[in-house]
2 protein chains.
Amino acid sequence: MRKNTLSSLIWLRMARFTHQSNLLSNEFLKQFGITAAQFDVLNQVSIYQPITQSQLAVKATVSEGGISRMLTRLEQEGYIQRKQDWKTKWISLTAKGENKMEEAFEHQLAFQTSIVNECLTKEEQKTLYTLMTKLQKNTELKIKSSRT
Amino acid sequence: MRKNTLSSLIWLRMARFTHQSNLLSNEFLKQFGITAAQFDVLNQVSIYQPITQSQLAVKATVSEGGISRMLTRLEQEGYIQRKQDWKTKWISLTAKGENKMEEAFEHQLAFQTSIVNECLTKEEQKTLYTLMTKLQKNTELKIKSSRT
DNA sequence: CCTTATCAATTTACTAGTCAAGTGACAGCG
DNA sequence: CGCTGTCACTTGACTAGTAAATTGATAAGG
């Protein structure tokens, strides 16, 4: 039997947790008629609007092609609008999109919070956040340098 | 501006890290001609073989439909074989699959390990693993109970 | 025997993502 | 005035996943 390192076990736990919590989020958000990925993008738009597609792709850590497809879906649903200006398209929420976020944001936040609160103390959460930030900032750098 | 909780920030960091490290893994594994998802499944098969598809779906935290497609791809590539026995199909690695894992396993492990080692001390890694395990075990339970 | 239930696996229709090639509009140079 | 480059975005071909309906083989009852 092959031997694993502590690091690889951490990777596995993280991948499993992320995948599973995504399933739970999707199930939870079904009542609002949106998916976890859509919530994520709508949330980024609501924070940074108006924002260009390429900037939004960076914020959502998704490729330009990916954000293009996602926005097509969200536009069809009437949650966002794209305003062409020169070669750039500026993205913002429609009234319907604002309402949807108004409706869903707090519930989704409470949902995520309750899952974490159930098994970690405040102190543990702080520690986890610090460690995750270190890790994620590091991979972010690697991603950027690999795209040069 | 909407206020986030510590928990939701943890979720976001985790989602971003997982996504980005998946991109890096895919890039790294390109030299072996497999993807990170394929590596994951091949690894589970190598540990538990012979294993049925539904058991494998649980190990890889993927739906039955998902594992069916994935195995079709891996079978086409010649990495695994399915032996029909009654209504069950038993999955195991072919010689080619064994060789591929022999070739890729240690490198992938070293790759994952180096990324974590770069930014966290051994002590921090232990802490992170403990916290992640608590979290993941909890969502695992929730997933199971939601499927009843 | 024939029907029905069961259960693993598959298929269908979908979202979500990747990379890489293609489009379209403008900018600037000769 | 036209060619060429650039830049934002889109599209095509793909992997990877989901939920839900379907298939196919076997066991069990009437």
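Chain A is the first sequence line, chain B the second, and so forth, proteins listed ahead of strands; every chain is numbered from 1. Everything quoted here is computed from the prediction, not taken from an experiment. Scope of the values below: all heavy atoms of this structure, side chains included, with no hydrogens, waters or symmetry mates.
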- prompt: salt bridge (Lys or Arg N to Asp or Glu O under 4.0 Å): which pairs involve residues 104-123 of chain A, sequence neighbours left out?
  reply: A:Glu118-B:Lys142
Polar side-chain atom of A:Gln125 near backbone of A:Leu120 as donor-acceptor pair, under 3.5 Å: yes
task: May I ask you to check if A:Lys100 and A:Tyr79 form a cation-pi contact, with NZ or CZ under 6.0 angstrom from the six-membered ring centre and within 45° of the axis?
output: no
Return all side-chain donor-acceptor pairs below 3.5 angstrom for residues 128-136 of chain A, not counting sequence neighbours, or 'none' if the list is empty.
from: A:Thr130; atom 1: OG1; to: A:Lys126; atom 2: O; distance (Å): 2.8
from: A:Thr133; atom 1: OG1; to: A:Tyr129; atom 2: O; distance (Å): 2.6
from: A:Thr133; atom 1: OG1; to: B:Arg13; atom 2: NE; distance (Å): 3.2
from: A:Lys134; atom 1: NZ; to: B:Glu124; atom 2: OE2; distance (Å): 2.7
from: A:Gln136; atom 1: OE1; to: B:Arg13; atom 2: NH1; distance (Å): 2.4
from: A:Gln136; atom 1: NE2; to: A:Glu140; atom 2: OE1; distance (Å): 2.7
from: A:Gln136; atom 1: NE2; to: B:Gln20; atom 2: OE1; distance (Å): 3.3

field: Euclidean distance, atom CD of residue B:Glu75 to atom P of C:dA9 [Å, nearest integer]
entry: 13 Å
message: Can you list everything that forms a ring pair (Phe, Tyr, Trp, His ring centres under 6.0 Å) with A:Phe28? Sequence neighbours excluded, please.
response: A:Phe111
Contact under 4.0 Å: B:Lys89 side-chain N or O vs C:dT10 OP1/OP2: yes
Where protein sits on nucleotides 22-27 of chain D, one letter per nucleotide: B base, S sugar-phosphate only, - none, heavy atoms under 4.0 Å: ----SS
query: Side-chain N or O of B:Ser54 less than 4.0 angstrom from OP1 or OP2 on C:dA9?
result: yes
- prompt: salt bridge (Lys or Arg N to Asp or Glu O under 4.0 Å): which pairs involve residues 68-82 of chain A, sequence neighbours left out?
  reply: A:Glu75-A:Arg82
field: Gap between atoms CD and C1', on A:Glu64 and D:dG12 respectively (whole Å)
entry: 17 Å
Pairs: protein N or O with nucleotides 13-17 of chain C N or O, under 3.5 Å:
from: C:dA13; atom 1: N6; to: B:Arg69; atom 2: NH2; distance (Å): 3.1
from: C:dA16; atom 1: OP1; to: A:Thr35; atom 2: OG1; distance (Å): 2.2
from: C:dA16; atom 1: OP2; to: A:Gln38; atom 2: NE2; distance (Å): 3.1
from: C:dA16; atom 1: OP2; to: A:Arg73; atom 2: NE; distance (Å): 2.9

- prompt: Would B:Gln81 and B:Gln49 count as having a side-chain donor-acceptor pair, cut-off 3.5 Å?
  reply: no
query: Okay, side chain of A:Ser7, backbone of B:Gln112: is any donor-acceptor separation there less than 3.5 Å?
result: no
